[in-house]
2 protein chains.
Amino acid sequence: MADELARLLWGPQARPRRGPKPALSLDGIARAGIEVADAEGLAALSMQRVAELLGKTKMSLYRYVPGKAELVALMTDRAVEDPPDLTGGDWRTDLTAWSAALFRAFAQHPWLLETTVGARLMGPRELSWVERALAALDGKGLTGGERLDAVVLLTSHVRGIAQQSRASGTEAEARLVAALAGVLREHGDDYPATLAAMTAPTEERDQALTFGVERILDGLEALIARRAGS
Amino acid sequence: MADELARLLWGPQARPRRGPKPALSLDGIARAGIEVADAEGLAALSMQRVAELLGKTKMSLYRYVPGKAELVALMTDRAVEDPPDLTGGDWRTDLTAWSAALFRAFAQHPWLLETTVGARLMGPRELSWVERALAALDGKGLTGGERLDAVVLLTSHVRGIAQQSRASGTEAEARLVAALAGVLREHGDDYPATLAAMTAPTEERDQALTFGVERILDGLEALIARRAGS
DNA sequence: TCAAAACTGTGTCCGTCGGACGCTGTTTGT
DNA sequence: ACAAACAGCGTCCGACGGACACAGTTTTGA
C-alpha cells in the first residue's frame, strides 16, 4: 500500500519488458487529472472523467495507478512547481519569498488545499519545498524540532489565507457575506467584537498573507535573538 | 439555499402547526450524526447510517434537513463546546488558553478539521469562538482587519497542529514514518536540511502547539508595542 | 361534523462513484 | 512456436446522495 505509493512517487518508472506497449503513462494520466481538477475542481475528478479525457476507458487507468488516492497523490506532486531559489541569504526575505510562492501555488491549483492535508507521504517536489524552508532556518540556533515546527507554522498560515481567499470574488462568497450580514444584523449584540472588527473599513485585504508572515517571522526573530544572546 | 442554512443554524425551530408530530428533531439528528462521525469518522457518515441509528429510514431525514451538507454544518456547530471564559485580563494568557481549548475541541472531534474548512456560514457556537478571540485583542491599537487576521492566524496554526497530531499513534502513522524513512535513506542527499531536522532528537513533540502560539503572540506583541510607542 | 390543508414517514427509482474480476488480444523472451 | 507477461476493456457490484410520489396523520376552517 504505502510501498506502492512510495514507488509511484519516488521510484523509477521502468517499462515492463513484455506485453503490449502501454498507450498511457503516469505523467499523462497525472496531467489529465490536473487538467480536470484545475478546470472543474477536485470534486469533479473521477476515474471516468480522466479516462475519457485520455480517450480510454476508466478501467484501463487501474493498470497504471492502484486507485484514486494514489492518482491524487501523483497529481499533487506533479502540480506543484519547483520552490523558488532563495539565494537571498537573509532568512527573512527568503522565507517571505517562499511563503509568497507557496501562496501562488495554492492560487494556481486550489485543489491542492484539499489534497495536501493531514499526514501523508510527500513526493519529491513537495518535499523540496519543505527542504528549502528548513534550509533557510539552518544555523540560527534552533533545534531540529523547532525548525520543523516553524515551517509547519508558516505553511499552516499560508494554507489558511489561501483557503480564505479561494472563494474570493465568486458569487458564492457574495451570498455568504449577505447571509452573515443578515445574521449579524439580528444577533450582532451577542457578538460585539466581531461586529466591530467586520464593520471596520476593509482597507487592506490581500494584506492578510503579509500580516501573518511578518508576525511569524517577528516571533521567530525574537526567539533567535534570545538564543544568540544567552 | 444559504437562507435555508442560516435558518437552520440561527433561526428558531418552530413546530409546524399541522400534521403528525415529528418523531425526530434537529438536535437528535445532529447528535446521531456526531455519534457516527466520532466513532467512525466523517467518511463513514451517510444519511443511511444516521437514519438507522435513529431507527428511521434515510429519506425521513430530508424532512428535517435539506441535504447532507446542511446536516454536517449543523453537526459542526453542535459539536463545538462553548469557548472558555477568558476572564484572565492579560491578552496573552487569554489567547493561549483559547488556543489550547480550540486544540482540545479538534482532538475531541477530529472530523471538525474537515468540516470547518473554507468559507462557510458559521453557527452561533462557532462564531462565539471567534468573538472571544477578537474580544481579547480589543483596545490594543490594532485595526479591525488586523484583529481578524490575527485570529485567523492563530486558528490556522491550531488547525495545522491538530491535523498533524491526528494520526499520531495510529498504525497508519507508523507505516508512513517507515515509508518516509525509506525514502530519506535513498534520497537523503537531496534533502540535507530535512534529514538533519528529522534525525535530531525527538525531544519535545506536543510542544508544537505551544511553540507556534508563542511565536505568534510574540509577533503580535511586537506589533502592539510598536503601535503604542509611536 | 367533515373535508381540505399541511405535514410526516416511507418505498422506489435514478445517476454516479470506486473498484473487483475475467476475458481478449498483443508483445517479448526462451 | 509457445508460453509468460502485460494492456485494454466490458460487466458487475455495493454504496452513496437525492428526486418523487404515495399513504397515513393531525389540525384548521367552513
Side-chain angles (χ1 to χ4, degrees), chain A residues 1 4-5 7-8 11-30 32-33 36-37 39-76 111 114-115, chain B residues 1 4-5 7-8 11-30 32-33 36-37 39-76 111 114-115:
Chain A
M1 307 242 167
E4 194 70 15
L5 182 55
R7 202 181 49 75
L8 279 176
Q13 313 186 28
R15 249 217 60 198
R17 320 193 59 82
R18 260 186 254 201
K21 300 170 187 172
L24 303 177
S25 67
L26 278 184
D27 266 299
I29 293 174
V36 172
E40 309 170 36
L42 195 66
L45 182 82
S46 70
M47 296 291 143
Q48 174 67 37
R49 193 76 190 71
V50 173
E52 76 189 18
L53 197 66
L54 293 167
K56 300 287 168 185
T57 64
K58 135 185 130 174
M59 290 315 292
S60 68
L61 299 183
Y62 288 93
R63 293 286 172 198
Y64 300 83
V65 167
K68 193 190 182 182
E70 287 80 5
L71 169 60
V72 169
L74 214 63
M75 286 168 49
T76 299
W111 49 272
E114 302 165 51
T115 66
Chain B
M1 305 238 168
E4 194 70 14
L5 183 54
R7 202 181 50 73
L8 279 175
Q13 313 185 28
R15 249 217 61 199
R17 319 190 61 81
R18 262 186 251 199
K21 301 173 187 170
L24 303 176
S25 66
L26 279 183
D27 265 303
I29 293 173
V36 172
E40 309 170 36
L42 194 65
L45 181 82
S46 70
M47 296 291 145
Q48 175 67 37
R49 193 77 190 69
V50 173
E52 76 188 18
L53 198 66
L54 293 167
K56 301 284 167 186
T57 63
K58 130 186 132 172
M59 290 314 293
S60 69
L61 300 183
Y62 288 93
R63 294 287 171 200
Y64 301 83
V65 166
K68 193 190 181 182
E70 288 80 6
L71 170 59
V72 170
L74 215 63
M75 287 168 50
T76 299
W111 49 273
E114 302 164 52
T115 67

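Worth knowing before you read on, the calculation uses all heavy atoms, side chains too, and leaves out hydrogens, waters and symmetry mates. Each chain gets a letter, A, B and so on, in the order its sequence line appears, and its residues count up from 1.
In this structure, of C:dT8, C:dG29, D:dA7, it is C:dG29 that holds the atom nearest to the side chain of A:Arg17. For A:Arg18, whose side chain is taken as the heavy atoms from C-beta onward, the closest listed nucleotide among C:dA6, D:dC9, D:dA5 is D:dA5. Closest approach to the A:Lys58 side chain among C:dG19, C:dG9, D:dG8 is made by C:dG19 (side chain taken as heavy atoms from C-beta onward). Ranking D:dG8, D:dC16, D:dA5 by closeness to the B:Gln48 side chain, first place goes to D:dC16. The side chain of B:Pro16 has C:dT8 as its nearest neighbour among C:dT8, C:dG11, D:dA7. Checking C:dC17, D:dC9, C:dG9 against the side-chain heavy atoms of A:Arg63 singles out D:dC9 as nearest.
Rounded to whole angstrom, the span from the CZ atom of B:Arg49 across to the C1' atom of D:dC16 amounts to 14 Å. Atom CG in B:Leu61 sits roughly 13 Å away from atom P in C:dG11 (whole-Å rounding). Atoms NZ (B:Lys56) and P (D:dG24) sit 16 Å apart, rounded to a whole Å. The nearest whole Å value for the distance from the CE atom in B:Met47 to the P atom in D:dA15 is 17 Å. Atom pair B:Leu26:CG and C:dT8:C1' shows a separation of 14 Å (rounding to whole Å applied). If you measure from atom CD of A:Glu52 to atom C1' of D:dG8, you get 17 Å, rounded to the nearest angstrom. Put simply, NZ on B:Lys68 is 15 Å from P on D:dA15, counting in whole angstrom units. Computed from coordinates, the A:Leu42 CG to C:dT16 C1' distance equals 16 Å when rounded to whole Å.
Counting non-hydrogen atoms under 4.0 angstrom, B:Ser60 reaches a base of the nucleic acid. Within the 4.0 angstrom heavy-atom criterion, only backbone atoms of the sugar-phosphate kind lie near B:Leu45; the bases stay farther away. Residue contacts for B:Met59: at a heavy-atom cut-off of 4.0 Å it reaches a base atom on one of the strands shown.
The minimum heavy-atom distance linking B:Ser60 with B:Leu24 is given by the pair OG-CD1, 4.2 Å.
Judged by closest nucleotide on DNA chain D, B:Ser46 is the one of B:Ser46 and B:Pro20 placed further toward the 5' end. Both B:Leu24 and A:Gly19 sit near DNA chain C, but only B:Leu24 has its closest nucleotide nearer the 5' end.
Put simply, NZ on B:Lys56 and OH on B:Tyr64 are 7.5 Å apart, with the number rounded to the nearest 0.5 Å.
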Let me see the working for A:Met75 and A:Ile29 under side chain to side chain contact (heavy atoms under 4.5 Å, CB included), right down to the final yes or no. CA-CA 9 Å; A:Met75 286 168 49; A:Ile29 293 174; over 6 Å; no
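Distances shown here put every side-chain N or O of A:Tyr62 at or beyond 4.0 Å from the OP1 or OP2 atom of D:dC9.
The salt bridge (Lys or Arg N to Asp or Glu O under 4.0 Å) test applied to B:Arg49 returns B:Glu40, B:Glu52, not counting sequence neighbours.
Here the side chain of A:Lys68 pairs a donor or acceptor atom with the backbone of A:Leu45 at under 3.5 angstrom.
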